[in-house]
Amino acid sequence: QVQLVESGGGSVQAGGSLRLSCAASGLTFSSYRMSWFRQAPGKERDVVATITWSGSITNYADSVKGRFTISRDNAKNTVYLQMNSLKPEDTAVYYCAARNRYTVGSGYDYWGQGTQVTVSL
């Protein structure tokens, strides 16, 4: 049974930082591309950051470039999202997702339950 469990969300003032973690179990973690998505109320779920199975390549949404950093520890089956210089517009539920390196197409195989991030002025 595959599980992705996010943690580290919370409330923070603008300019602050949070570090999200996503612990994976039940899968060969090092074979999966990992991404963080977010969904604000009334909006679609959008990708925030992606890291390849080896960790050698990362990609970011333009809105978070230079502020967020995605990383992974394959020995701990965990992916992280370090969020700095947070803005109120970063407020959303953040989800981690996993896609096997051999999966065809753009869909993801597994999703976490989400963690709320709230940024206030």
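Every heavy atom of this structure was used, including side-chain atoms; hydrogens, water molecules and symmetry mates were not. If you're wondering where the values come from, they're calculated on a predicted model, not measured in any experiment.
- Closest heavy-atom contact between F29 and D73: CE2-O, 4.0 Å.
- For L27 against A98, the heavy-atom pair with the smallest separation is CD1-CB, 4.3 Å.
- Residue K76 comes nearest to T78 through the heavy atom pair O-OG1, 2.8 Å, listed as atom of the first residue, atom of the second, then distance.
- Here F37 and W111 bring their ring centres to under 6.0 angstrom of each other.
- Of the possible polar contacts, one joining the R72 side chain to the T52 backbone as a donor-acceptor pair under 3.5 Å is found.
- Both tests do not hold together for R33 against Y108: distance to the six-membered ring centre under 6.0 Å, angle to the ring axis within 45°.
- Taking both residues in full, the closest heavy atoms of P88 and L121 are given as CG-CD2, 3.5 Å, listed atom of the first, atom of the second, then distance.
- In summary, K65 and D62 engage in a salt bridge, as defined by a charged side-chain N under 4.0 Å from a carboxylate O.
- Panel note: side chain S54, backbone S56; a donor-acceptor pair is recorded below 3.5 Å.
- For the atom pair S85 OG and R67 CZ, the distance stands at 7.0 Å (nearest 0.5 Å).
- Within 6.0 Å of atom CD in Q13, 12 or fewer heavy atoms from other residues, nucleotides or ligands are found, so the atom counts as exposed in its surroundings.
- A cation-pi arrangement, defined by a distance under 6.0 Å to the six-membered ring centre and an angle within 45 degrees of its axis, is present between R19 and Y80.
- Side-chain contact between F68 and D90 is present, with heavy atoms from C-beta onward closer than 4.5 Å.
- Under the 4.5 Å side-chain contact rule for hydrophobic residues, L20 and V48 share a cluster.
- Without hydrogens or angle criteria, R45 side chain to R38 main chain gives no donor-acceptor distance under 3.5 Å.
- Summarising the geometry of V79 relative to S71, their closest heavy-atom pair is CG2-O, 3.1 Å, with the distance given to 0.1 Å.
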Test log, rule side-chain contact (heavy atoms from CB on, under 4.5 Å), inputs V117 and V119: CA-CA 7 Å; V117 171; V119 184; 4.1 Å; yes
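- For the pair S17 and Q82, the minimum side-chain heavy-atom distance is below 4.5 Å.
- Cluster membership check: V64 shares its hydrophobic cluster with V12, using side-chain heavy-atom separations under 4.5 Å among Ile, Leu, Val, Met, Phe, Trp and Tyr.
- Rounded to the nearest 0.5 angstrom, L86 CG and S11 OG are separated by 11.5 Å.
- One hydrophobic cluster holds both L18 and M34 under the rule that ILVMFWY side chains link at heavy-atom gaps under 4.5 Å.
- No donor-acceptor pair closer than 3.5 Å links the side chain of T115 to the backbone N or O of G8.
- Judged by distance alone, the side chain of E6 and the main-chain N or O of C22 form no donor-acceptor pair under 3.5 Å.
- Distance check, rounded to the nearest 0.5 Å: OG1 of T69 to CE of M83 gives 11.0 Å.
- Between the side chains of T103 and D109, at least one donor N or O lies within less than 3.5 Å of an accepting N or O.
- For the atom pair OG of S25 and CG of L4, the computed distance is 7.5 Å after rounding to the nearest 0.5 Å.
- Shortest non-hydrogen contact noted between Y60 and A49 is CD2-CB, 3.6 Å.
- A heavy-atom distance below 4.5 Å is not found between the side chains of V47 and W36.
- You'll find the side chain of S30 reaches within 4.5 Å of the side chain of T28, heavy atoms only.
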